**Student:** 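Can you read through this structure? Questions will come right after.
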Amino acid sequence: SSCSGPTGHECTSCKSGYGKKSWGCIIKCDDGYYADILTNTCKSCSSGCNKCKGAEAKLCIDPAAPYPSCDSGKFYHPGLKTCLNCHYICSECNGATQYDCTKCKHKESFNQVCVDNCEDDEFWHI
């Protein structure tokens, strides 16, 4: 990237794989994903959405024809055009990480994120 000062809004270009915004550079994501500006990572759009500005269905800007259905514990990856496994902690999901669970295997969650069951003398750290 090329910048005229230390802050993001002073950048005039971004490195490969990133796009220029008024406030700095952000990762470019494939169809079916959006750029999470807090983590600068790509996250899944809601099911049935080609392009979106966030995970919620109301943030879909390019609805897709319905994706093929996947078996329980799997989600459809539009870029690869195949079903992939959910994170091991999810029984249903719309992406590969524990943050993409729509239903938890163990019915345990913390701040709407699925977590493992812990033994009595253990605790979960997120």
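We're numbering straight along the sequence, starting at 1. Predicted model, so just to flag it, every value in this text is computed and none were measured. Atoms considered below: every heavy atom in the structure, side chains included; atoms not considered: hydrogens, waters and symmetry mates.
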**Student:** Taking the SG atom of each, are C60 and C52 under 2.5 Å apart?
**Tutor:** no
**Student:** When you compare the side chain of C104 with that of I89, does any pair of heavy atoms fall below 4.5 Å?
**Tutor:**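 Result no, sub-4.5 Å side-chain heavy-atom pair not found.
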**Student:** Quick one: closest heavy-atom pair of C25 and S13, and the distance?
**Tutor:**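 In terms of heavy atoms, the two residues are closest at SG-O, 4.0 Å.
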**Student:** Answer yes or no: is there a side-chain heavy-atom contact under 4.5 Å between Y88 and Q98?
**Tutor:**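 The answer is no, as the side chains (C-beta and beyond) never meet within the 4.5 Å cut-off.
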**Student:** Tell me whether the guanidinium CZ or amine NZ of K43 lies under 6.0 angstrom from the six-membered ring centre of Y99 and within 45° of its axis.
**Tutor:** yes
**Student:** Between Y33 and H77, does the ring centre distance come in under 6.0 Å?
**Tutor:**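 So the answer is yes for these two rings.
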**Student:** About how many Å separate CG of D36 and SG of C29, when rounded to the nearest 0.5 Å?
**Tutor:** 9.0 Å
**Student:** Restricting to non-hydrogen atoms, name the atom on C114 and the atom on K103 that form the minimum distance, rounded to 0.1 Å.
**Tutor:** SG-C, 4.2 Å
**Student:** Any chance the SGs on C86 and C93 are under 2.5 Å from each other?
**Tutor:** yes
**Student:** Report yes if the side chains of T41 and I27 come closer than 4.5 Å at any heavy-atom pair, otherwise no.
**Tutor:**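 A side-chain contact under 4.5 Å is absent here.
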**Student:** Write down the atom of K105, the atom of C90, and the distance for their closest heavy-atom approach.
**Tutor:**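 Taking every non-hydrogen atom into account, CE-O, 3.4 Å.
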**Student:** Do the side chain of N40 and the main chain of I37 share a donor and acceptor less than 3.5 angstrom apart?
**Tutor:**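 Between the backbone of I37 and the side chain of N40 there is no qualifying donor-acceptor contact (under 3.5 Å).
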**Student:** Side chains of F75 and C70, heavy atoms from C-beta outward: is any pair under 4.5 Å?
**Tutor:**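 Not touching, per the 4.5 Å side-chain cut-off.
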**Student:** Is there a side-chain contact between L84 and K74, using heavy atoms and a 4.5 Å cut-off?
**Tutor:** no
**Student:** Give, for atom CG of D71 and atom CG of N85, the distance between the pair rounded to the nearest 0.5 Å.
**Tutor:**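 Spacing of CG (D71) from CG (N85) equals 10.0 Å.
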